[in-house]
Number of protein chains: 2
Amino acid sequence: MQRATVNFPINRQAVTVDVVLFTIQEDRLHVLLIQRKHPPFKGAWALPGGFVRRDESVDDAALRELQEETNVRSVYLEQLATFGEPDRDPRERVITVAYYALINWERVQLKARTDAAAAAWFPVKQLPPLVFDHKQIVAYALERLRHKVNYTTVCFQLLPKQFTLTELQRVYEIILDQQLDKRNFRKKMLQLKILKAAGGFKQEGPQRPARLYTFPEPKVITLQEKGILVPF
Amino acid sequence: MQRATVNFPINRQAVTVDVVLFTIQEDRLHVLLIQRKHPPFKGAWALPGGFVRRDESVDDAALRELQEETNVRSVYLEQLATFGEPDRDPRERVITVAYYALINWERVQLKARTDAAAAAWFPVKQLPPLVFDHKQIVAYALERLRHKVNYTTVCFQLLPKQFTLTELQRVYEIILDQQLDKRNFRKKMLQLKILKAAGGFKQEGPQRPARLYTFPEPKVITLQEKGILVPF
DNA sequence: GCAAAAGTGTTCTAGGTACACCCATGT
DNA sequence: ACATGGGTGTACCTAGAACACTTTTGC
């Protein structure tokens, strides 16, 4: 009798969101990390995140945390998985819903937050030690991103509105960590008919200007029917 | 100052797990549902699930709920996604971590639970009205299962230890909801070299006996390297 | 001998992979 | 004229898709 009523409050849990925000800088994939300002693990690096409020959806909480760190509203954000080992946080039981997000490097403007000492981008291959199970979360996010690249258009989220085919190919190469054949890449990308020539050209050095393209689809699309992008 | 301490208890949330348990009966994919014994929605059908306890991992909570319904310990269980709209439960804010699970029809033994009036299998194509967002969760589980079938060996979880190639093909056909070519199916399945002839034969009617196979790998494997099973 | 499911190979086609040279520009 | 990255086409090969008949058994 009493058990049912006693159990109720006991079952309430702390729920957080953590976001693995990727961008590309200097030809490498980077992840945004926050240096913790408060114990536990004060000074250690962690993923941006925080508590889910009672009046917002979990997705909204992730978006909000991201905005508080980066000042950016519209990023591509996708739920990854929920991590719920009872001892993953030493203070108390915390269940976290992990997300990953992609942002074009031109749009990033970091903003220090009150409860974080500093925010910085780290190359995903050279991460500092991370608190809790955040290393595992980043590894999982990277795995998901690598898979997703093969059959969706998530890569475009890492590029500015207009980009050249070579820049696009670089994004694929950086994420997949392997070189791709230029002719095969272009052939495949263009025959998908998802890119539109922007009309303009871009010239970086003393060479032939590169044609600029845009991705007119509103968001990320899955290419199951159109033709899979896969291993090239 | 006071804010930080006040916010803390407010941020505690009710967290549940819900499991979409699939099995195959009568050549159709079925889902296990529970008829609610208590308000709200008393008498309505819902996915099996319950609160995550403070001392167990979220995965363990899903396993425990499943055991309480089916009496079965080792099922294939995979986290699907977390559903966290603030108004998905009319009583209060409940965040649920959804799972899907697969079980061989021979191993299912339903057991009525104290807080559920009844448990029953429903064809996934003829579900009754479901409470909360459970209809959406089932749809998502089905989508995941259909994808997963193409590049993993999850299907074997729906079959007994020993099975014929025709039975295996039926499982694929039922899940994908399309007919497959017998010769191409067998060719592809056998060249993956993941099946072992069990030695025995199975005969159902007045026809040639079918060779029995087993799947010796301990669990579900991903076929990325071995060769993708995909659309046949 | 007939009904009913088990079992078996080949051809065609599409798409992935490998590969090398000319083009436009700035200095 | 040369250095630099942009841009283009073909041949080969593998894997998926389509397709029909023989085998084994019970009645």
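Per chain, numbering begins at 1; letters A, B, ... match sequence-line order.
Across the protein-nucleic acid pair, A:F185 atom CZ and C:dG16 atom C1' stand 15 Å apart, rounded to whole Å. Spacing between atom CG of B:D181 and atom C1' of C:dT11 amounts to 13 Å, rounded to whole angstrom units. One interatomic measurement links the two molecules: CD of A:Q191 to P of C:dA14, which rounds to 13 Å at whole-angstrom precision. Between the CG atom of A:L168 and the C1' atom of D:dG5 there is a distance of 16 Å, given to the nearest Å. One interatomic measurement links the two molecules: NZ of A:K188 to C1' of C:dA14, which rounds to 12 Å at whole-angstrom precision. B:L180 has its CG atom 13 Å from the P atom of D:dG16, to the nearest Å. As rounded to whole Å, 18 Å separates atom C1' of C:dA24 from atom NZ of A:K202. The separation between B:Q169 atom CD and C:dT8 atom C1' is 14 Å, rounded to whole Å.
Contact annotation for A:T166: backbone-only contact, meaning every heavy-atom pair under 4.0 Å involves sugar-phosphate atoms and none involves a base. The residue A:Q203 sits close only to the backbone: its heavy atoms come under 4.0 Å of sugar-phosphate atoms, none of a base.
Distances shown here put every side-chain N or O of B:R186 at or beyond 4.0 Å from the OP1 or OP2 atom of C:dT8.
Both A:K187 and A:R208 lie near DNA chain D, and the one whose nearest nucleotide falls closer to the 5' end is A:R208. The 5' end of DNA chain C is approached more closely, in terms of each residue's nearest nucleotide, by B:L190 than by the other of A:G205 and B:L190.
Checked for salt-bridge contact, B:R146 and B:E143 miss the test: no charged N lies under 4.0 Å from a carboxylate O.
Annotation: the span from B:M189 atom CE to B:Y172 atom OH amounts to 4.0 Å, rounded to 0.5 Å.
Among all heavy-atom pairs drawn from B:H30 and B:Q25, the shortest one is CE1-O, 3.1 Å.
Of the candidates A:V154, A:V31, A:L32, A:V75, A:V31 is the only one forming a side chain to side chain contact (heavy atoms under 4.5 Å, CB included) with A:F22.
For A:R211, the CZ atom sits in a loose shell: 12 or fewer heavy atoms of surrounding residues, nucleotides or ligands are nearer than 6.0 Å.
Of the candidates D:dT8, D:dC19, C:dT25, D:dT8 carries the atom nearest the A:R183 side chain, counting heavy atoms from C-beta on. When distances are taken from the side chain of B:R211 to each of D:dA20, D:dT25, C:dG7, the shortest belongs to C:dG7. Here the side chain of B:N184 is nearest to one of D:dT10, D:dG6, D:dA18, namely D:dA18. In this structure, the nucleotide among D:dT24, C:dA5, D:dG5 sitting nearest to the side chain of A:Q207 is D:dG5.
B:K182 contributes a side-chain N or O that forms a donor-acceptor pair with the base of C:dA6 under 3.5 Å.
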